[in-house]
Structure formats: C-alpha cells, structure tokens
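First up is the structure itself, then whatever we jot down about it.
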Amino acid sequence: KITGLLFLLGFIAVDAQFQKETLLFKNNTSKEGYIKPKSHDGLKFKENEDDKPVIYSHLQVIGFDIEETKYRYVKHNASDVEPIILKEMIPGTIVLYEKEFQSGETPMRLGPDRNLLPVTVDRKSSIIYYMFVNEKLIKIGRKIKNRHLKMLKDCPDLVLKIKKYTKQI
C-alpha cells in the first residue's frame, strides 16, 4: 500500500510541474516564466516559481516556446472559434505541425481495499501531423505519405525537409 501511495504522490508531483518557457502575446511582446498548459483552452503562467499562476487563453497569446521548440495556437480554418495548440516542426509559408496524443489513461485500483485512490497507467502515445496551407489546417494523420508530398510538388525544398524530418523519427 505504501509503495502504491508513494508512486501516486510522485506522479502527481511530476504532473503538476511548470516548465521554463517564453510566452508570446498577440501584441508582439513576450514574457519569460513558467507555463503549464491546461487540459482545455488556456495556459497557466508564473513569472517566478513562487508566484500565483495567471491564466491566459488564445485570445491574448499566440503560443509559447520551450528552448528551440515552438508551440502555437492554430485554427482549423479562419471561421473556427477555438484553436488548438500544435508543435511547429517545419516553419515557412506551408507549416508542418504535430500533436502528441496519449492513447488513453487507465485508472487502476490496487490492493484488496478498492477504496484507495486510483493509479493511472499511461498507454502508448502517438503523433498526428498537420499542415497549414492557404489559411487552412489539414490533418495528415499518423504518417506522412507520398500522396501528401505530391500536394507539395511545387515546393521541393519543403518536401526534402519533411523527408529528412520524418527519417529522424
């Protein structure tokens, strides 16, 4: 029972951590601090670790950077109300994005006493690719196939970058 409780407390502590990042605002300003994305729209932001978090949404923020990695709010199309946060993989006129999904989390109740708090067990994660072309976000899927690259036949440099990136995975 104690081992399960320690595991649960360690999981909660790791899950609750803020990451050191740069928050990018729509007015072309930025702030360095600690960010934790919320499960729905919004980001919790603290300039210092001991500060009380302030919540920002896509209405104030375009995204955030973790070191060299860029995360941006992107709408599926211009008429969408709520954008999603995507990781920018290849920037340019046509942008390649990805979003990592967990296949699911399964709550498990351990031991003979089923009244204990459940421990969640992560399942395998997967990546979904998107391309932003002509003000539209196109969902590619789990793999970038040759038929997707044929859409970019006029952009040989981008095709080369995508092929090089996907070989690294």
Side-chain angles (χ1 to χ4, degrees), residues 11-105 120 122 125-145 148-169:
F11 176 78
I12 291 170
V14 168
D15 189 48
Q17 291 178 354
F18 283 72
Q19 290 184 292
K20 182 87 169 142
E21 302 172 27
T22 303
L23 189 62
L24 306 167
F25 292 93
K26 287 190 172 184
N27 65 2
N28 291 327
T29 62
S30 63
K31 282 187 182 179
E32 297 280 329
Y34 298 87
I35 299 172
K36 180 180 177 191
K38 292 174 53 177
S39 58
H40 296 302
D41 182 42
L43 303 165
K44 290 183 180 181
F45 177 78
K46 302 189 293 185
E47 283 193 54
N48 301 301
E49 287 187 82
D50 299 331
D51 292 349
K52 185 176 178 183
V54 176
I55 297 174
Y56 292 103
S57 75
H58 69 277
L59 299 173
Q60 300 98 11
V61 175
I62 61 168
F64 57 92
D65 295 345
I66 305 173
E67 296 176 8
E68 299 297 317
T69 307
K70 298 177 180 186
Y71 293 86
R72 299 292 181 260
Y73 278 111
V74 183
K75 293 183 177 187
H76 276 62
N77 55 51
S79 63
D80 282 352
V81 177
E82 300 259 337
I84 56 175
I85 295 178
L86 297 174
K87 182 179 179 181
E88 185 179 287
M89 303 312 299
I90 300 176
T93 306
I94 298 172
V95 183
L96 178 68
Y97 290 102
E98 72 176 32
K99 183 162 181 78
E100 187 172 352
F101 290 92
Q102 295 294 328
S103 298
E105 294 181 340
T120 55
D122 291 333
S125 65
S126 61
I127 293 173
I128 304 291
Y129 293 100
Y130 295 86
M131 246 183 243
F132 193 72
V133 183
N134 297 328
E135 300 299 316
K136 289 186 181 176
L137 189 66
I138 301 167
K139 183 177 179 180
I140 300 297
R142 292 178 187 217
K143 291 185 180 181
I144 299 173
K145 300 178 181 170
H148 300 118
L149 296 177
K150 285 180 185 176
M151 293 187 314
L152 306 170
K153 65 183 175 199
D154 297 334
C155 306
D157 290 342
L158 179 60
V159 171
L160 188 62
K161 285 181 184 178
I162 290 171
K163 285 181 176 181
K164 187 183 284 188
Y165 172 76
T166 54
K167 285 182 182 178
Q168 293 174 354
I169 299 173

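Here the structure is a predicted model, which means the values were calculated and not measured.
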Minimal heavy-atom distance between P83 and Y73, with the atoms involved, is CG-CD2, 3.8 Å
Nearest-0.5 Å distance, OH of residue Y71 to CD1 of residue I85:
10.0 Å
Give, for atom OG1 of T93 and atom CG of N134, the distance between the pair rounded to the nearest 0.5 Å.
10.0 Å
May I ask you to test the L43-H58 pair for a side-chain heavy-atom distance under 4.5 Å?
no
Is the NZ atom of K26 crowded by more than 12 outside heavy atoms at less than 6.0 Å?
yes
side-chain contact (heavy atoms from CB on, under 4.5 Å) partners of V159, counting only residues at least two apart:
L149, L152, K163
Heavy-atom pair with the smallest gap, counting every atom of I162 and M131:
CD1-CE, 4.1 Å
Looking at side-chain heavy atoms only, is the closest gap between Y129 and R142 below 4.5 Å?
no
What I'd like to find out is whether the side chain of S30 reaches to under 4.5 Å of the side chain of L23, using heavy atoms alone.
no
Can you give me the closest heavy-atom contact between H76 and Y130, atom names plus distance?
NE2-CE2, 4.3 Å
For K46 and E49, indicate whether the former's side chain and the latter's backbone hold a donor-acceptor pair under 3.5 Å.
yes
Can you tell me how far CD of E21 sits from CG of L24, rounded to the nearest 0.5 angstrom?
10.0 Å
Any non-hydrogen side-chain atom of I66 less than 4.5 Å from a side-chain atom of Q19?
yes
Looking at R72, K20, K87, K31, which one forms a salt bridge (Lys or Arg N to Asp or Glu O under 4.0 Å) with D65?
R72
Once you round to the nearest 0.5 Å, how far does CG of L96 lie from CD1 of I140?
8.0 Å
Does the pair V133 and V95 meet the rule for a side chain to side chain contact (heavy atoms under 4.5 Å, CB included), with working shown?
CA-CA 7 Å; V133 183; V95 183; over 6 Å; no
Residue pair K75 / I84, side-chain heavy-atom distance below 4.5 Å
no
For the atom pair CD (E88) and CD (E98), what is the distance rounded to the nearest 0.5 Å?
11.5 Å
Nearest heavy-atom pair of K44 and P53: which atoms, and what distance?
CB-CB, 4.1 Å
How are the rings of F25 and Y56 set relative to one another: parallel (under 30°), tilted (30 to 60°) or perpendicular (over 60°)?
perpendicular
Out of curiosity, I127 CD1 to E100 CD, how far, rounded to the nearest 0.5 Å?
5.5 Å
So with a 6.0 Å cut-off around NZ of K161, is the heavy-atom count from everything else above 12?
no
Side chains of F64 and T22: closer than 4.5 Å at any heavy-atom pair?
no
What are the two closest heavy atoms between F45 and E32, and how far apart are they?
CZ-O, 3.6 Å
